[in-house]
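Quantities reported herein were computed from a predicted structural model and do not represent experimental measurements.
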Amino acid sequence: MSRFAIGDHDFLLDGQPHRILSGALHYFRIHPGDWADRIAKARQMGLNTIETYVAWNAHEPRRGEWDETGANDLGRFLDLVAEAGMHAIVRPGPYICAEWHGGGLPAWLTSLPGIGLRRSEPQYLAEVDVYLRRVYEIVAPRQIDRGGNVVLVQIENEYGAYGADKEYLAELVRVTKDAGITVPLTTVDQPQPQMLRDGSLRG
């Protein structure tokens with residue numbers, strides 16, 4: 001087991017400065033038979049980390065019907081990244097943008113009467129809670145401090161370009177930590193002062 005942390009000036013791997021060289025491979029966009037090949041090519045390019053979104057609408061196209069088989073087998077994908085000697089960054093959203101239908105939000109979710117997307121609305125938060133816990137059942141045992149390779153988990157995605165509901169972001173953090181995620185959490189926003197303020201949380 002190793003420890004990954006964010007230091008004052010560097011990422012730290014077991015206390016030593018560590019440089020992340022990351023590239024994106026979205027498992028749900030690639031035929032599973034090609035995963036190992038694409039990961040190997042990323043390694044040959046000099047990368048040491050693979051980051052991926054998690055597409056809620058791919059995993060749960062119909063409410064209550066969760067699928068983590070075939071092209072949705074996130075666990076197998078992360079294991080292949082580990083077998084290649086690479087770290088992983090997981091970005092479960094729930095909104096991922098990714099030039100992907102609905103930003104990854106399932107059609108059944110967005111059609112629920114009265115739902116308030118990407119904010120502190122009880123109906124939305126209840127569905128997000130179920131979704132994230134399913135994702136983290138896969139991710140938590142694969143964290144670097146448990147002998148796996150996941151070093152970072154992202155909260156939401158470019159949220160500062162959309163809203164400023166800090167209670168919503170804080171609830172995502174609460175669910176994430178409650179589900180056993182112990183690696184550092186990150187947010188991602190465009191380099192605009194207001195977007196960075198709106199999309200981030202202290203800590």
Side-chain angles (χ1 to χ4, degrees), residues 1-4 11 13 18-62 64-106 109 128-158 172 175-177 179-188:
M1 291 189 295
S2 292
R3 184 172 181 273
F4 185 85
F11 293 117
L13 181 61
H18 176 73
R19 187 179 184 194
I20 292 177
L21 298 173
S22 177
L25 285 176
H26 303 158
Y27 61 97
F28 50 89
R29 282 182 150 129
I30 304 168
H31 190 283
D34 292 328
W35 286 350
D37 173 74
R38 301 302 187 268
I39 293 166
K41 284 180 167 63
R43 180 70 187 265
Q44 290 163 2
M45 288 169 55
L47 303 183
N48 62 15
T49 306
I50 296 295
E51 61 99 332
T52 185
Y53 287 124
V54 179
W56 185 355
N57 57 5
H59 283 279
E60 192 177 11
R62 285 168 294 280
E65 296 182 17
W66 183 256
D67 178 20
E68 53 187 74
T69 64
N72 291 326
D73 194 344
L74 172 60
R76 176 172 173 264
F77 178 78
L78 293 175
D79 291 344
L80 288 172
V81 174
E83 288 173 17
M86 303 177 78
H87 291 145
I89 298 170
V90 180
R91 306 171 69 189
Y95 175 84
I96 61 172
C97 185
E99 291 70 49
W100 184 256
H101 180 74
L105 298 178
L109 176 79
V128 167
D129 184 286
V130 174
Y131 160 68
L132 287 178
R133 289 180 189 278
R134 283 172 170 153
V135 173
Y136 294 144
E137 284 178 7
I138 301 167
V139 175
R142 292 175 169 87
Q143 295 176 100
I144 193 166
D145 55 4
R146 299 191 194 178
N149 65 326
V150 176
V151 295
L152 291 170
V153 169
Q154 182 180 312
I155 300 296
E156 248 282 355
N157 188 61
E158 298 181 350
L172 297 184
V175 171
T176 297
K177 290 183 175 180
I181 299 302
T182 52
V183 295
L185 307 180
T186 67
T187 55
V188 171

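- With sequence neighbours left out, the side chain to side chain donor-acceptor pair (under 3.5 Å) criterion links E65 to R62.
- Ring planes of H59 and Y27: tilted class, angle from 30 to 60°.
- One finds the CG atom of L21 at 6.5 Å from the CG atom of L47 (value rounded to the nearest 0.5 Å).
- In this structure, the side chain of N149 does not engage the main chain of A84 through any donor-acceptor pair within 3.5 Å.
- With L80 as the fixed residue, the side chain to side chain contact (heavy atoms under 4.5 Å, CB included) test singles out one of D73, I39, D37: I39.
- Remark: W56 CH2 to L109 CG distance equals 4.5 Å, nearest 0.5 Å.
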Let me check something: any side-chain donor-acceptor pairs from residues 87-98 under 3.5 Å, sequence neighbours excluded? List them with distances.
from: R91; atom 1: NE; to: Q154; atom 2: OE1; distance (Å): 2.5
from: R91; atom 1: NH1; to: E51; atom 2: OE1; distance (Å): 3.3
from: R91; atom 1: NH1; to: E51; atom 2: OE2; distance (Å): 3.1
from: R91; atom 1: NH2; to: Y53; atom 2: OH; distance (Å): 3.3
from: R91; atom 1: NH2; to: Q154; atom 2: OE1; distance (Å): 3.2
from: R91; atom 1: NH2; to: N157; atom 2: OD1; distance (Å): 3.0

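- Contact check for V128 versus V175: no side-chain heavy atoms found under the 4.5 Å cut-off.
- Using modelled atom types, no side-chain atom of R38 and backbone atom of I30 make a donor-acceptor pair closer than 3.5 Å.
- Summarising the local packing, CZ of R3 is surrounded by 12 or fewer heavy atoms from other residues, nucleotides or ligands at distances under 6.0 Å.
- Between the T52 side chain and the L25 main chain, a donor and an acceptor come within less than 3.5 Å of each other.
- I181 is not listed as a side-chain neighbour of V150, based on a closest heavy-atom distance of 4.5 Å or more.
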